[in-house]
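The structure under discussion appears below in the form of structure tokens.
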Amino acid sequence: MPVLYLLDVPEFSGAVSLLEREGAYRVARANGYVRIESDTDIVVERAKTNMNEAVWFGLTVAGFDGAIEEFNSDRLRIAAAAG
Amino acid sequence: MSNLVSTPQLHGVHHTAFPTWKPKSTVEFYRDGLGLKLVHAITARGWGRTDGHPDFLHFFFDAGNGAAIAFFYYIGTEPRPEFTAMKGYLGVSRHTAWAAHSQEELLDWRARIKATGTKVTPLVEHETLESIYFIDPNGYNLEISRTSRPLTEQDHRDADMTIEAMMSTFGDNNPDGRTIDDMWRLKGQLVAQNAFAAAAE
């Protein structure tokens, strides 16, 4: 089960609100962080987040559980850890 | 730390200093182009020593808020481009970033720099600051930034966890060949433990 942690701050709010809106993930908040849990891959499309590249490539600063399968200027995809 | 040693405070930058082999262009850029006031100039025969230290000038431009940017010109020495025009991301990593107070001030600086004939980037928005980047006639990387949101206790706590994850993952010089993904996984564990498990208690 992949997990993505996000800092709950204005610069990442585009990604946080997108993941909440999509409704496919379990979203929890605590102490300034947002936890995104999923039974399937977690996918974030940069075009839907309104984030520029300088900030986008720092999106995973709060960490994750699983495996980053894609992280380019268009998309972040986190899958469950292999094995 | 010993309790007997106090923790003294720093009060911002006094000056930073760099070698130059283009003293004329340096003055024309900083004083005449950027408009920084030339505030002090030292000239010396060597360093008062007899071990071959070259004669030199050391001159200072006001960079605001009590800080200066200073240069050494060592007369008669050969240029050493590895100290000035450092290339690539390592060159960019060593830079001076000055503070602007507003986006308007940053845009004014951008116009001023362009007027000197120097290339300058558009405004680049980072996590908590916004910057322009340019290069001086020596090849030194310069940045002017404004804070777009003040850092909070939350940012400090998050930095503590990131740096704990960094030191555990990489130590010095990454002897185990780990990746940033390894560090992010550890950071996720720290956040789970310190932010989420702590909230559930």
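If you're wondering where the values come from, they're calculated on a predicted model, not measured in any experiment. Letters A, B, ... are given to chains in the order of the sequence lines, protein chains preceding strands, and every chain is numbered from 1.
- The local environment of NE2 in B/His156 is crowded, with over 12 non-hydrogen atoms from other residues, nucleotides or ligands closer than 6.0 Å.
- Atom CG of A/Asn50 has 12 or fewer neighbouring heavy atoms from other residues, nucleotides or ligands inside a 6.0 Å radius.
- Summarising the geometry, atom CG belonging to B/Asp158 is positioned 13.5 Å from atom OH belonging to A/Tyr5; distances are rounded to the nearest 0.5 Å.
- The CD1 atom of A/Ile68 sits 8.5 Å away from the OG1 atom of B/Thr179 when rounded to the nearest 0.5 Å.
- A/Phe64 touches chain B through backbone and side chain together, each having a heavy atom under 4.5 Å away.
- Scanning all heavy atoms of the two residues, the minimum distance from A/Ala30 to B/Ala195 falls at CB-O, 3.5 Å.
- Only the side chain of B/Met161 comes within contact range of chain A, judged by heavy atoms closer than 4.5 Å.
- For the atom pair CZ of B/Arg157 and CG of A/Asn31, the computed distance is 7.0 Å after rounding to the nearest 0.5 Å.
- How far CZ of B/Arg149 is from CD of A/Glu11: 4.0 Å, rounded to the nearest 0.5 Å.
- Using a 4.5 Å cut-off between heavy atoms, A/Val3 makes no contact with chain B at all.
- Summarising the local packing, CD of B/Glu104 is surrounded by 12 or fewer heavy atoms from other residues, nucleotides or ligands at distances under 6.0 Å.
- Of the listed residues (A/Ala54, A/Ala67, A/Gly58), the greatest number of heavy-atom pairs within a distance under 4.5 Å of chain B belongs to A/Ala54.
- Both the backbone and the side chain of B/Arg185 come within less than 4.5 Å of a heavy atom in chain A.
- For B/Asn65, the CG atom is loosely surrounded, since the number of other residues' heavy atoms within 6.0 Å does not exceed 12.
- The CD atom of B/Gln154 sits 6.5 Å away from atom OH of A/Tyr33, with the distance rounded to the nearest 0.5 Å.
- B/His14 NE2: 12 or fewer foreign heavy atoms inside a 6.0 Å radius.
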Item checked: Criterion side-chain contact (heavy atoms from CB on, under 4.5 Å) on B/Val191 and A/Arg35, from CA distance to verdict -> CA-CA 9 Å; B/Val191 169; A/Arg35 183 181 63 206; over 6 Å; no

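- Within the 4.5 angstrom heavy-atom criterion, no atom of B/Ala165 approaches chain A.
- Among A/Ile78, A/Thr60, A/Leu4, the single residue meeting the side chain to side chain contact (heavy atoms under 4.5 Å, CB included) criterion with B/Trp184 is A/Thr60.
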